[in-house]
There are 2 protein chains.
Amino acid sequence: MNTRICETLPEPVVRRLTKYLSYTARMTEEGVEWVSSADIGDALGLTGSTVRQDLAHISAGGVTHRGYNVERLHKMLRELLGADRGWCVVIVGAGNLGCALAQHGDFDRYSFKICGIFDNDPAVIGKKVGDLKVAPMSELGEAVRVNGVEMGILAVPCEAAQEVTDELVAAGIHGILNLAYAHVRVPEGVALVNARILERLQELACLLNAAEQVEGRA
Amino acid sequence: MNTRICETLPEPVVRRLTKYLSYTARMTEEGVEWVSSADIGDALGLTGSTVRQDLAHISAGGVTHRGYNVERLHKMLRELLGADRGWCVVIVGAGNLGCALAQHGDFDRYSFKICGIFDNDPAVIGKKVGDLKVAPMSELGEAVRVNGVEMGILAVPCEAAQEVTDELVAAGIHGILNLAYAHVRVPEGVALVNARILERLQELACLLNAAEQVEGRA
DNA sequence: TAGATTGTTAATCGATTAACAATC
DNA sequence: TAGATTGTTAATCGATTAACAATC
């Protein structure tokens with residue numbers, strides 16, 4: 001029923017829901033019981049109106065005069081965003097970034113379990129990364145099948161991005177998080193989300209370029 | 001003149017410009033001389049119309065019947081997105097992620113020079129990270145002043161995110177790339193761009209939840 | 001109760017797409 | 001030349017914001 005909703009949720013809404021999740025996590029820790037749409041908006045730089053519409057999308061069940069129950073809202077968001085069901089994830093690319101993510105505690109905390117890291121460079125195969133050992137790409141398919149892996153994180157150089165994507169798809173993965181500095185294509189039925197740090201840094205550079213120009217004129 | 005433009009560029013346009021930059025980089029390598037808006041759109045999953053409007057924003061100077069000159073376009077995008085001027089960047093947080101980014105070759109290639117990595121944990125201060133050594137937070141201000149640092153990358157646990165942001169601002173930084181799993185506030189005049197991997201992974205989880213539901217019904 | 005806050009509808013705003021004259 | 005491709009204008013689409021009746 002929840003997921004029925006997610007299916008038709010516009011992307012901007014999904015993005016904000018992830019922010020509501022971390023907000024409600026913090027409020028839960030702080031022991032806050034109720035928050036209003038205005039509280040959430042203030043904390044995250046949104047209007048209360050936007051927050052209410054987003055939460056109406058998922059039938060969050062706000063209460064007139066009190067707002068939203070933090071615990072209940074947090075639970076709904078966890079369910080919707082898969083933070084409570086234990087996802088099995090593989091990382092492809094055992095470079096600096098891939099290895100760092102494999103050891104990053106936050107994933108585990110939000111129920112994304114890194115259950116394998118792969119590379120095709122003989123120099124790194126067999127290397128220990130936290131509790132894992134870098135495995136050769138040839139073992140990807142079996143690992144996915146045996147562990148029921150649904151997601152793959154792509155952390156390879158851009159030249160290899162499309163090829164490795166195809167291998168992930170062939171291995172039976174359902175969704176890919178692309179960290180590589182390249183646009184990759186996936187077939188119908190495979191989900192793709194991009195998260196490229198360099199691109200965001202370039203965005204920042206563009207903003208600063210602009211800001212400097214304004215100063216220059218002032 | 002270029003930057004005059006950037007100042008008023010809508011965010012979705014800036015995001016796509018970063019994609020055009022990596023596309024033109026690849027085409028340059030491949031020795032392609034001209035590309036049409038349709039070529040670019042096909043490669044990146046956009047309509048030619050969107051591409052033409054974006055490029056008109058920056059007066060890319062397309063040529064009727066031939067399209068855009070790859071070399072010229074690439075140069076314009078490099079300028080606009082700051083890939084040709086040598087930015088000095090500091091990283092705050094010498095955990096797995098911060099250290100991985102400090103050693104990530106792609107930044108250097110696109111002229112973001114990591115010129116310092118900071119942390120306040122005595123256990124990591126002094127640790128070698130590539131060519132750098134982890135410095136204590138107390139040295140941040142001086143490093144920013146001496147090196148003319150404009151950007152900071154925030155790679156700390158979410159509890160520390162706001163505090164460290166304030167320290168970066170106090171140190172005189174102009175723009176922040178936030179990798180921490182928390183919403184941070186910056187004062188007027190400081191640019192902020194978010195790049196949170198965990199959030200994107202949650203987005204992917206939401207998509208997969210939805211896809212499974214569809215399958216379940218089919 | 002009165003005041004506060006929701007959910008929802010309508011209005012606004014902005015982004016994307018379509019269409020096409022200009023033109024090399 | 002004819003066909004291809006731009007830049008730009010107009011049309012569509014979607015997302016955000018404002019407004020307000022319902023209500024605890």
Side-chain angles (χ1 to χ4, degrees), chain A residues 1-2 5-20 23-24 27 32-74 76-77 80 183 203 206, chain B residues 1-2 5-20 23-24 27 32-74 76-77 80 183 203 206:
Chain A
M1 176 202 341
N2 248 335
I5 290 159
C6 186
E7 176 187 343
T8 57
L9 239 36
E11 220 195 83
V13 176
V14 176
R15 291 230 180 136
R16 285 191 298 265
L17 292 178
T18 64
K19 294 184 204 309
Y20 304 155
Y23 175 78
T24 52
M27 289 303 109
V32 176
E33 261 189 82
W34 295 89
V35 290
S36 70
S37 56
D39 292 339
I40 301 176
D42 286 350
L44 302 177
L46 306 165
T47 66
S49 195
T50 300
V51 174
R52 283 200 301 285
Q53 281 220 337
D54 289 344
L55 295 183
H57 264 119
I58 63 166
S59 312
V63 177
T64 292
H65 202 242
R66 283 193 288 180
Y68 303 86
N69 180 277
V70 171
E71 206 172 323
R72 181 176 137 83
L73 182 56
H74 187 57
M76 290 188 75
L77 290 166
L80 194 69
H183 179 84
E203 262 181 75
C206 185
Chain B
M1 174 202 342
N2 248 335
I5 290 159
C6 187
E7 179 186 342
T8 56
L9 238 35
E11 221 195 83
V13 176
V14 176
R15 291 228 183 138
R16 285 189 299 264
L17 292 178
T18 64
K19 294 184 204 309
Y20 304 155
Y23 175 78
T24 52
M27 290 302 110
V32 175
E33 262 190 80
W34 295 89
V35 290
S36 69
S37 58
D39 292 338
I40 301 175
D42 285 350
L44 302 177
L46 306 164
T47 66
S49 195
T50 300
V51 174
R52 283 200 301 284
Q53 281 219 338
D54 288 345
L55 296 183
H57 264 120
I58 64 167
S59 312
V63 176
T64 292
H65 201 243
R66 283 193 289 181
Y68 303 86
N69 180 276
V70 171
E71 206 170 323
R72 181 175 138 82
L73 182 56
H74 187 56
M76 292 188 75
L77 291 166
L80 194 70
H183 179 84
E203 261 181 77
C206 185

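Note that these values count all heavy atoms, side chains included, but never hydrogens, waters or copies made by symmetry. Here is the naming used below: chain letters follow the sequence lines, and residue numbers restart at 1 for every chain.
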Which heavy atom of A:V70 sits nearest to which heavy atom of A:M27, and what is that distance? CG1-CB, 3.9 Å
If you check the [X] side chain, which of [options] turns out closest?
X	options	result
A:Q53	C:dA10, D:dA4, D:dT8	C:dA10
A:H65	C:dG3, D:dT5, D:dG3	C:dG3
B:T64	C:dT23, C:dC20, C:dT16	C:dT23

Measure [atom1]/[X] against [atom2]/[N] and give the value in whole Å, please.
X	N	atom1	atom2	value
A:D39	C:dA4	CG	P	13 Å
A:R15	D:dG14	CZ	P	17 Å
B:L73	D:dT6	CG	P	11 Å
B:I40	D:dA4	CD1	P	19 Å
A:I58	C:dG7	CD1	C1'	14 Å
B:L9	C:dG14	CG	C1'	14 Å
A:L55	D:dT17	CG	P	15 Å
A:E11	C:dA15	CD	P	15 Å

Closest nucleotide of DNA chain D for A:T50 versus for A:V63: which of these residues is on the 5' side? A:T50
Under 4.0 Å, counting only non-hydrogen atoms across every strand here, what does B:G41 touch: a base, just sugar-phosphate, or nothing? nothing
Strictly below 4.0 Å: does [X] bring a side-chain N or O up to OP1 or OP2 of [N]?
X	N	answer
A:S49	D:dT16	no
A:S37	C:dT6	yes
B:R52	C:dT16	no

In the strands shown, is D:dA15 matched to any nucleotide by a Watson-Crick or G-U wobble pair with both distances under 3.5 Å, and which? C:dT12
Under a 3.5 Å cut-off for both distances, is D:dT23 Watson-Crick or wobble paired, and to whom? C:dA4
One should read off an interatomic distance between B:L77 CG and B:L55 CG, to the nearest 0.5 angstrom, of 7.0 Å
Rounded to the nearest 0.5 Å, how far apart are CD of B:Q53 and OG of B:S37? 11.0 Å
Expected output: side-chain B:R72 to main-chain B:A60 donor-acceptor under 3.5 Å: yes
Quick check: does any side chain N or O of B:D39 sit under 3.5 Å from a backbone N or O of B:S36, one acting as donor and the other as acceptor? yes
